[in-house]
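Keep in mind that what you see is a predicted model, and the values were worked out from it rather than measured. Convention: sequence-line order gives letters A, B, ...; per-chain numbering from 1.
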Amino acid sequence: MAKVLLFGALSDLAGWREKTIEVDSIADLRLKLGAEDAALGEALKGPGVQVAVDQAIVRHDTALTAASEVAFLPPMSGG
Amino acid sequence: MAKVLLFGALSDLAGWREKTIEVDSIADLRLKLGAEDAALGEALKGPGVQVAVDQAIVRHDTALTAASEVAFLPPMSGG
Amino acid sequence: MISLTDQAFDPGTLLSNFCRGRTETGAVASFVGLARAEGGAAAVLELDAYPGFTEAQIAQHVATAQSRFELQDVRIVHRIGAIGPGEPIVFVATAASHRRAAFEACDFLMDYLKSRAPFWKKETGPDGARWIEPRPQDLTDLARWETR
Amino acid sequence: MISLTDQAFDPGTLLSNFCRGRTETGAVASFVGLARAEGGAAAVLELDAYPGFTEAQIAQHVATAQSRFELQDVRIVHRIGAIGPGEPIVFVATAASHRRAAFEACDFLMDYLKSRAPFWKKETGPDGARWIEPRPQDLTDLARWETR
């Protein structure tokens, strides 16, 4: 279980901003999101998309707990 | 006749800011002010003191009329 | 202090509050970024942010500014959500003893906020909506700080 | 617009008025210079100016800024007379499409106002009154613009 957040163009593409999904790692989460929505699965692999777990950017696959918040961040444009 | 204005340290030194004096040139004005107040006469020759006639800086001696406004400007400090 | 808000704000009120009661601050530099109408081409600007994360990332950059410039105080307010033409998007104010530090820190913070801060920007105009990438000029502005 | 005033002013009100109704201005940079108390050493600051002449000289420098930077508008308010610690001395705001021009013009105008504009400045503190000369830093700041 993890709370998953999408921002910017990713959220527009998927049609949602926030969802709770039963997963135990980032890799598992990517598989599940891709199976549900192939276009989103591809976009999440796109250049410059970063992943944050509990508001800290993570570089590699990471284990998730029920309390984890996972955010997919497309390239930041500034304000 | 001319309206004579002093600013900054010159005004403090002379004890006045504005005076109407019967003169027909800057050179004449300098002589009259020096005769009245020797310290002021010296200070007006000091480095960086500029003279404006009718709000325009003049480089040389200039004839004055009754309508002239003459200002002695000590080195400007900025605001 | 760093705030995100989805409500229109008045930059003057922020500046007055920031300047008040400062007897040892010689210099306050500030910047207001406004949404341009671009002759009707950019009808509505929409800014997405990640509340909590976005402020924390900006706070890290403020800490960098504080270590780099002799700053007394910083105030940042950033709009999120839908922003109409002419409305303020961002307000940054910096306080210092002398003006060079205040100006440079304000400029430094703005370069970061406009190009690398965690915001996602969408413009909706006559040709539809598009997500904005940093302008090349923003990256050039940012590169100025790396050679100093 | 350039104004001299012997009354205290609120920089925020000036900034709000300056920002209002701008749909094609992307960037407003502003600067507020405040009188420092310097731990009690600078009790009262007094600024002398030559009304008419002083504004005209500043206006010439604003024209130089306008020819040098892509500016849409400039607002300058300068205090004269006696100024207490913590009170604003000067407010400069610049409006432009993009922030680089707004920042640089504001900085350029402040360097002039602080070092060469026709003001005469007297500080009265515990050791009596003294007329201030430009600080060496002010002249260094100003020299930056000559090499560009």
Side-chain angles (χ1 to χ4, degrees), chain C residues 9-42 45 72 84-100 102-104 106-108 110-111 113-115 135 137-138 140-141 144, chain D residues 9-42 45 72 84-100 102-104 106-108 110-111 113-115 135 137-138 140-141 144:
Chain C
F9 65 84
D10 176 27
T13 304
L14 295 170
L15 182 62
S16 292
N17 292 340
F18 189 74
C19 289
R20 190 163 299 134
R22 297 194 177 276
T23 55
E24 299 300 341
T25 293
V28 170
S30 69
F31 182 85
V32 183
L34 300 159
R36 281 194 303 275
E38 285 171 7
L45 183 71
Q72 296 172 335
E87 289 184 3
I89 303 169
V90 58
F91 173 84
V92 174
T94 52
S97 290
H98 296 289
R99 71 183 181 287
R100 190 105 325 278
F103 266 127
E104 293 197 347
C106 192
D107 193 2
F108 176 82
M110 275 308 306
D111 280 352
L113 287 166
K114 287 295 285 183
S115 60
R135 294 180 309 137
Q137 181 63 47
D138 289 322
T140 308
D141 287 347
R144 293 181 306 142
Chain D
F9 64 84
D10 175 27
T13 304
L14 296 170
L15 182 62
S16 292
N17 291 340
F18 189 75
C19 289
R20 191 164 297 133
R22 297 194 177 277
T23 54
E24 298 300 341
T25 294
V28 170
S30 70
F31 182 85
V32 182
L34 300 159
R36 280 195 304 274
E38 286 170 7
L45 183 71
Q72 296 173 336
E87 289 184 2
I89 303 169
V90 58
F91 173 84
V92 174
T94 53
S97 289
H98 295 290
R99 71 183 182 286
R100 188 104 329 278
F103 267 127
E104 292 197 347
C106 192
D107 193 3
F108 176 83
M110 275 308 307
D111 279 353
L113 287 166
K114 288 296 285 182
S115 59
R135 294 180 309 138
Q137 180 64 46
D138 289 321
T140 307
D141 286 346
R144 293 180 306 142

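Top candidate by heavy-atom pairs under 4.5 Å with chain C, chosen from D:G33, D:G21, D:A27, is D:A27. For the set D:A35, D:A95, D:A29, the entry with the most heavy-atom pairs within less than 4.5 Å of chain C is D:A29. Of the residues considered (D:P88, D:G26, D:G86), D:G26 shows the highest number of contacts with chain C, using heavy-atom pairs under 4.5 Å. Contact count versus chain C (heavy atoms, under 4.5 Å) is highest, among D:D10, D:T94, D:I89, D:L34, for D:L34.
With a 4.5 angstrom heavy-atom cutoff, C:R100 touches chain D only via side-chain atoms. At a 4.5 Å heavy-atom cutoff, the contact between C:S30 and chain D is made by backbone and side-chain atoms alike. Within the 4.5 angstrom heavy-atom criterion, only side-chain atoms of C:F91, from C-beta onward, approach chain D. Neither the backbone nor the side chain of C:A93 comes within less than 4.5 Å of any heavy atom of chain D. Of the two parts of D:T13, only the backbone, made up of N, CA, C and O, holds a non-hydrogen atom closer than 4.5 Å to a non-hydrogen atom of chain C.
For D:N17, the side-chain hydrogen bond (donor to acceptor under 3.5 Å, both in side chains) test picks out D:R20, with sequence neighbours left out. Every residue was checked against the salt bridge (Lys or Arg N to Asp or Glu O under 4.0 Å) condition with D:E24, not counting sequence neighbours, and none meets it.
Across C:C19 and D:P11, no two heavy atoms sit closer than the pair SG-CG, 4.1 Å.
The closest donor-acceptor contact from the side chain of D:R36 to the backbone of C:S97 lies under 3.5 Å.
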Salt bridge (Lys or Arg N to Asp or Glu O under 4.0 Å), that's the test. Do D:D111 and C:R99 meet it? Break it down for me. CA-CA 9 Å; D:D111 279 353; C:R99 71 183 181 287; 2.8 Å; yes
